[in-house]
S.K.: 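Take this structure first; my questions come after.
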Number of protein chains: 2
Amino acid sequence: MTIQTRRERERAQREQQIVAAARELAETEGWEAVTTRRLAAEIEYSQPVLYSHFKGKTAIMTAVAVQGFEELADEVRVARIAAHGTREAVAAVATAYTGFARKRPALYDAMFTHAVDLPFARPDTPVHLRNGFDEILQAVQPLAADDDPGILAETFWASLHGLAMLERSGRLPADLHGARLDLLISRFAPAAT
Amino acid sequence: MTIQTRRERERAQREQQIVAAARELAETEGWEAVTTRRLAAEIEYSQPVLYSHFKGKTAIMTAVAVQGFEELADEVRVARIAAHGTREAVAAVATAYTGFARKRPALYDAMFTHAVDLPFARPDTPVHLRNGFDEILQAVQPLAADDDPGILAETFWASLHGLAMLERSGRLPADLHGARLDLLISRFAPAAT
DNA sequence: GCAGATCGGCTAGCAGCGCTAGGATCGGAG
DNA sequence: CTCCGATCCTAGCGCTGCTAGCCGATCTGC
């Protein structure tokens, strides 16, 4: 009994090690440096061990992405709660969101460019994946007026995501990030609100 | 002389063949199916021939992406010119842009997810890459008010890109695309303009 | 306490990838 | 006719994700 629980604990630990190693490697050297051999060396086990934990490499990347969604939601929540007033909350959320994307590009990539088959926009969407969206929803809800708050949140989210992506790939000059954010907020939360 | 020109012509043709084959393969089976071997078989030459035309596989993908930028700019231009009034032009541009992304997902991916090292947002950005942006700029310019039109166009572009990407990966329900687009336009081009 | 089943992790290898070295072949020039 | 240069191919390198099959350690039943 105890032996078995110890084994399960060790196994769970190792699984976390794998995810952590993948994340760290991706964040320091980019996802193209994350190979199953490299990962195996990092956790000091042989390569096939990875496959007793995950179905494949993409499953490992998905696990990293899920971590990312949790952290992103946390950071956005903290920023939103600290802000006073609707417009400030929206601005705080926007800044936190794009800041996260800029601060952790590899993680953000795992979440939005790679792990494509996560169950989003479905009734069974796990809470971890919904939380980030809910933060945006909370922030922009007062601005909905006649519009559906959900649609509004989706659209605002998409705008933030688009900014993050285009800036990250150098398609938009990075130094004007603040100006773009200001403009976006001015269009969604006009004047004094 | 004539022989040499014939050779050059054939060579240019073959180069176009390669790009066309890469694009078609990507659009029908996805980019993961586009391998240099597959490509070589498609043009009925051996694999190393590809490398006498392009520096590597990514260069081929970049060539496909450039084609995409030209076509996207064309489609957006046609839509914008056909529209009357500022708001209608903005709506037309938005619909054409997101429609292109939905109609040609592989091509759009090559343009924005893969070919990362295209010279954007720099003084020497080639016209092909600027044209699409300029169409957006033309459309939204009248809405700038006190804001910089360039910043406005960048932000609007980012919103469209974000919508396209999130919808494509199933992170936003596809059937509400129109509602999101309407809302976005209502925020950038309010009421009767 | 010991034989047999079970499980966990390893070594080795497969098919496929992007890319390249080196040789054959073929056309034009002297 | 011979040589030379360009063109294209075969073969192969080092890497990838992934898997088959073995082997030792541990757990189970007698």
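Only heavy atoms go into these numbers, but all of them, side chains included; no hydrogens, no water, no symmetry mates. In what follows, chains carry the letters A, B, and so on, assigned in the order in which the sequence lines appear, proteins first and then strands, with residues in each chain numbered from 1.
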S.K.: If you count every heavy atom of other residues, nucleotides or ligands that lies below 6.0 Å from Glu24(B) atom CD, does the total exceed 12?
M.R.: no
S.K.: Find the distance Glu32(B):CD to dG17(D):P and express it as a whole number of Å.
M.R.: 16 Å
S.K.: In Å, rounded to the nearest 0.5 Å, how long is the span from OG1 of Thr58(A) to NE2 of His114(A)?
M.R.: 11.5 Å
S.K.: OH of Tyr51(B) versus P of dC17(C): gap in Å, rounded?
M.R.: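 Taking atom P of dC17(C) as the reference, OH of Tyr51(B) is at 11 Å.
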S.K.: Is there a donor on the side chain of Arg37(A) or the base of dG17(D) sitting less than 3.5 Å from an acceptor on the other?
M.R.: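 Such a pair exists between side chain and base.
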S.K.: Rounding to an integer number of Å, can you tell me how far Lys57(A) NZ sits from dC18(D) P?
M.R.: 8 Å
S.K.: Do Gln47(A) and dC10(C) have a side chain to base donor-acceptor pair shorter than 3.5 Å?
M.R.: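 Result: no qualifying N/O pair found.
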S.K.: Can you tell me the distance, in whole Å, between the CH2 atom of Trp31(A) and the C1' atom of dG17(D)?
M.R.: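 Interatomic distance, CH2 of Trp31(A) to C1' of dG17(D): 15 Å.
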S.K.: Between C1' on dG18(C) and CZ on Phe54(B), what's the gap in Å once rounded to a whole number?
M.R.: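 In whole Å, dG18(C) C1' and Phe54(B) CZ are 16 Å from each other.
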S.K.: Within the pair Arg38(A) and dG17(D), is there a side-chain N or O less than 4.0 Å away from OP1 or OP2?
M.R.: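 Negative; the distance criterion is not met.
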S.K.: Tell me the interatomic distance from Arg11(A), atom CZ, to dC7(C), atom C1', rounded to whole angstroms.
M.R.: 11 Å
S.K.: Can you establish whether the number of heavy atoms outside Arg130(A) located under 6.0 Å from its atom CZ is more than 12?
M.R.: no
S.K.: Measure from CE on Met61(A) to P on dT16(D) and round the result to the nearest Å.
M.R.: 14 Å
S.K.: dT10(D) P sits how many Å from Tyr45(B) OH, rounded?
M.R.: 13 Å
S.K.: I want to check one thing: is the phosphate of dG9(C), taken as OP1 and OP2, less than 4.0 Å away from some side-chain N or O of Ser46(A)?
M.R.: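 So the side chain of Ser46(A) is outside the cut-off, no N or O lying under 4.0 Å from OP1 or OP2 of dG9(C).
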S.K.: With distance as the sole test, does Ser52(A) use its side chain to make a donor-acceptor pair with the main-chain N or O of Val49(A) at under 3.5 Å?
M.R.: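 Indeed, once roles are kept as given, a pair shorter than 3.5 Å links the two residues.
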